[in-house]
Amino acid sequence: MPKINGMAVTRARGIIHLFFNIPTTKTGTTALYTFLSLHPAIASNLPSPDTFEEIQFFNAHNYLRGLDWYMNFFPVDANSSAHYYFEKSATYFDGELVPKRVHALLPHAKLITILISPAKRAYSWYQHTKTHGDVIANNYSFHQVITASDTAPKPLRDLRNRCLNPGKYAQHLERWLTYFSPQSLHIIDGEELKSNPVEVMNELQKFLKITPFFNYTEHLRFDPKKGFFCQVVSGDHTKCLGRSKGRQYPPMEEKSLKLLQRYYLSHNTALVKLMKRIGLRNISNWLKEDLSDSSA
Ligand SMILES: Nc1ncnc2c1ncn2[C@@H]1O[C@H](COP(=O)(O)OS(=O)(=O)O)[C@@H](OP(=O)(O)O)[C@H]1O
């Protein structure tokens, strides 16, 4: 099987099964991608030279190139133990057309997504954009960005929208659930991915029914310097994600946090309803906290 961040594909006995990791930017998708790549039965796609390595197939004009073009990113290597292949394309989660297109070509795909507090995700995105030298992010505070009005200059509104819109999780997930059954969807708590990635990867392996079962305990270790779990490379050594993942930046201002918790109240309430409807009993701590703090 090939598998993709944003989506994953399975080739087994000539049948192609796909599972999608529908990534929400800044929720830990790179960590998940890295951890999945450690699994001997899983391989990632070949990098696309056009779109910063991601294939960006279902969300953009590449779709018109057809499934064969897409599948060429997942060559079958007779010497490899990989049965599953995966891809990561950051704009799949909230792309309007993506669920319909995925379903049209890969109706048996399994979907994986990671969610964190949408307020924290928005702030992380702002910090990411700022570090990348974005003029707007460097000229406006986070609070100014998230409170920008609809009459603000377009670049400011665009940044506001990229901070705020992906965090309307229920709205985006409902679009996926229009085409896919709840049994196809696996939601990862991004805070648990940070604090207990071994358990998260165990649950994910069960969801995907992957064999052999990979013992992540031996391959992931908390690195106190990085402040995150990293890959064990040899003996005492770990290999962590780069500086752009797990950045150091000042905490969000209280007024921005409060504002965002109120802003996302209806979206987070809808998310809880959605999760209950599809049979998920465990509501993430971040979700409970965001909901209770928004009424404080
Ligand atoms: N193991 C490990 N190592 C480093 N970082 C980790 C890890 N697990 C989760 N995270 C969190 O991942 C956040 C970045 O998310 P993404 O990889 O989805 O970002 S991106 O959209 O691909 O830019 C990143 O966000 P920031 O802290 O804002 O940098 C981290 O909080």
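Side-chain atoms are counted along with the backbone in the values below, which use heavy atoms only and exclude waters and symmetry mates. Atoms within a ligand are numbered from 1 in the order they appear, just like the ligands themselves.
With ligand atoms numbered from 1 in the order given, ligand 1 contributes 15 (O), 18 (O) to contacts under 4.0 Å with heavy atoms of T27.
If you check which protein heavy atom lies closest to atom 1 (N) of ligand 1, you get F229 O, 2.9 Å. Among all non-hydrogen protein atoms, the one lying nearest atom 25 (O) of ligand 1 is S124 OG, 3.7 Å. Ranking protein heavy atoms by distance to atom 8 (N) of ligand 1, first place goes to A31 CB, 3.6 Å. Of the protein's non-hydrogen atoms, T29 OG1, 2.6 Å is the one closest to atom 18 (O) of ligand 1. Among protein heavy atoms, the minimum distance from atom 20 (S) of ligand 1 is reached at K245 NZ, 3.5 Å.
In this structure, the ring of Y264 has its center no less than 6.0 angstrom from the ring center of Y169.
Evaluation of the side-chain contact (heavy atoms from CB on, under 4.5 Å) rule for H103 yields P107, Y179, F180 as partners, not counting sequence neighbours.
For atom 26 (P) of ligand 1, the candidate residues are F222, F35, Y249; the nearest heavy-atom contact is made by Y249. Here the shortest heavy-atom distance to atom 15 (O) of ligand 1, taken over C230, C240, G28, belongs to G28.
For F228, no nitrogen or oxygen atom sits less than 3.5 Å from a nitrogen or oxygen atom of ligand 1, counting backbone and side chain alike. For a threshold of 3.5 Å applied to N or O pairs, the pair formed by T25 and ligand 1 contains no separation below that value. Among the atoms of T30, some N or O lies under 3.5 angstrom from an N or O of ligand 1. The shortest N or O to N or O distance between K26 and ligand 1 is below 3.5 Å. At least one N/O-N/O distance between G246 and ligand 1 falls below 3.5 Å.
Checked by atom type, the side-chain pair S181/S184 shows a donor-acceptor distance below 3.5 Å. Between T25 and R121, the side chains place a donor N or O and an acceptor N or O closer than 3.5 Å (distance only, hydrogens not considered).
Under a 4.0 Å N-O distance rule, the pair R277/E174 qualifies as a salt bridge.
In this structure, Y123 and Y249 have perpendicular ring planes: the angle between them is above 60°, well past the 30° mark.
Remark: distances from the non-hydrogen atoms of K194 to ligand 1 include one below 4.0 Å.
With D94 as the fixed residue, the salt bridge (charged side-chain N to carboxylate O under 4.0 Å, His left out) test singles out one of R162, K168, R175: R162.
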Identify each donor-acceptor pair in which a side-chain atom of residues 223-232 lies under 3.5 Å from a protein atom, sequence neighbours left out, and give them as a table.
unit_1	atom_1	unit_2	atom_2	d
D223	OD1	K225	N	2.9
D223	OD1	K226	N	3.0
D223	OD2	T238	OG1	2.8
K226	NZ	L241	O	3.1
K226	NZ	G242	O	2.9
K226	NZ	K245	O	2.6

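One distance of note links OG1 of T147 with CG of L156; it measures 8.5 Å at 0.5 Å rounding.
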